[in-house]
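Heads up, the thing below is written out as structure tokens.
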Amino acid sequence: MNIFQQREKIIEDLIEAYREHDEEKTNHLLGQLKELDKPAEQEKPLPEEPKERGFYVTANDGRLLLKDIDDDWSARTWDDCSANHMWNGNRQYAKWPTVCETLPPEAFPLKRVNTGSDDD
């Protein structure tokens with residue numbers, strides 16, 4: 001059964017559950033429909049997170065990012081201050097999954113920046 005046939009069957013069952021006022025079955029079928037309609041790209045594995053803390057630039061536009069001691073990520077500006085709150089939810093810091101969903105695929109892999117300090 002292809003995806004269109006699956007969707008059609010779920011919708012038919014959903015209409016029937018609605019007519020029968022079966023809330024539990026309706027919710028279950030809505031969940032199935034949502035799962036079926038998830039974009040394929042959400043199922044792709046995340047790019048590998050750099051292990052070391054420090055500065056990184058994106059592969060596509062050279063945006064400067066910092067991975068800190070808590071494994072939080074922030075976008076940085078020329079004066080090493082945190083940039084505008086760019087992550088989803090308008091946050092200043094983000095964990096790796098949020099970094100991956102906010103930046104476009106062409107931003108990866110991130111490239112490590114050597115700052116010349118002993119912390120690199």
Side-chain angles (χ1 to χ4, degrees):
M1 188 181 294
N2 68 36
I3 192 167
F4 298 108
Q5 292 168 325
Q6 291 174 8
R7 186 177 292 123
E8 186 177 327
K9 173 72 172 124
I10 292 170
I11 291 172
E12 287 172 4
D13 292 346
L14 187 58
I15 291 169
E16 181 181 330
Y18 175 77
R19 287 183 180 149
E20 294 173 354
H21 304 287
D22 187 339
E23 185 176 350
E24 186 176 328
K25 186 174 180 182
T26 299
N27 290 337
H28 175 73
L29 291 166
L30 284 172
Q32 283 185 335
L33 197 57
K34 286 178 185 176
E35 284 296 313
L36 193 60
D37 287 339
K38 275 188 177 176
E41 61 212 32
Q42 287 184 351
E43 296 173 14
K44 291 180 185 174
L46 296 177
E48 185 175 344
E49 180 176 9
K51 304 283 185 248
E52 299 177 48
R53 68 183 177 113
F55 289 96
Y56 293 83
V57 293
T58 55
N60 61 336
D61 60 6
R63 182 179 306 229
L64 186 63
L65 305 176
L66 173 66
K67 180 179 182 178
D68 67 22
I69 197 165
D70 296 319
D71 290 333
D72 289 328
W73 289 87
S74 59
R76 311 307 287 186
T77 61
W78 61 272
D79 61 356
D80 193 30
C81 290
S82 181
N84 292 334
H85 300 197
M86 66 170 276
W87 309 117
N88 291 346
N90 201 28
R91 294 182 306 248
Q92 186 175 356
Y93 297 96
K95 294 294 184 190
W96 186 245
T98 303
V99 172
C100 295
E101 74 183 33
T102 304
L103 296 175
E106 57 271 10
F108 300 97
L110 300 181
K111 298 175 187 171
R112 179 110 162 99
V113 175
N114 184 343
T115 64
S117 80
D118 293 336
D119 293 335
D120 282 340

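The chain is numbered in sequence order, starting from 1.
For the pair Gln92 and Ser74, the tightest heavy-atom approach, listed with the atom from each and the gap, is O-CB, 3.6 Å. Between Gly62 and Val57, the closest heavy-atom pair is O-CG1, 3.9 Å. In terms of heavy-atom proximity, Glu106 sits nearest to Ala59 at O-CB, 3.7 Å. Taking every heavy atom of both residues into account, Arg53 and Lys67 meet most closely at CB-O, 3.2 Å. Counting all heavy atoms, side chain and backbone alike, Leu46 lies closest to Cys100 at CD2-CB, 3.7 Å.
Heavy-atom neighbours of Glu48 CD from other residues, nucleotides or ligands within 6.0 Å: at or below the threshold of 12. Within a 6.0 Å sphere centred on CD of Glu23, other residues, nucleotides and ligands contribute 12 heavy atoms or fewer. Few gaps surround NZ on Lys95; more than 12 heavy atoms of other groups in view lie less than 6.0 Å from it. Enclosure of atom CZ in Arg63 is not indicated, since only 12 or fewer non-hydrogen atoms of other residues, nucleotides or ligands lie within 6.0 angstrom.
Trp96 has its ring centre no less than 6.0 Å from the ring centre of Tyr56.
Separating the CD1 atom in Ile11 from the CD atom in Glu16 is a distance of 14.0 Å, to the nearest 0.5 Å. Rounding to the nearest 0.5 Å gives a distance of 5.5 Å between NZ of Lys25 and CG of Asp13. Annotation: the span from Ile10 atom CD1 to Gln6 atom CD amounts to 6.5 Å, rounded to 0.5 Å. One finds the CG atom of Leu65 at 12.0 Å from the CG atom of Asp68 (value rounded to the nearest 0.5 Å).
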Requested in this report: Walk me through it: do Leu103 and Trp73 pass the test side-chain contact (heavy atoms from CB on, under 4.5 Å)?
Outcome: CA-CA 12 Å; Leu103 296 175; Trp73 289 87; over 6 Å; no
Query raised in the report: Are Leu33 and Leu29 close enough, and set up right, to give a side-chain contact (heavy atoms from CB on, under 4.5 Å), and what steps lead you there?
Result: CA-CA 6 Å; Leu33 197 57; Leu29 291 166; over 6 Å; no
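Judged purely by atom type and a 3.5 angstrom limit, Asp70 has no side-chain atom pairing as donor or acceptor with the backbone of Asp72.
Side-chain contact between Pro109 and Pro47 is absent, with no heavy-atom pair separated by less than 4.5 Å. Counting heavy atoms from C-beta on, the side chains of Leu30 and Thr26 come closer than 4.5 Å.
Looking at residues two or more places apart in sequence or on another chain, you find no ring-ring contact (aromatic ring centres under 6.0 Å, His included) involving Tyr18.
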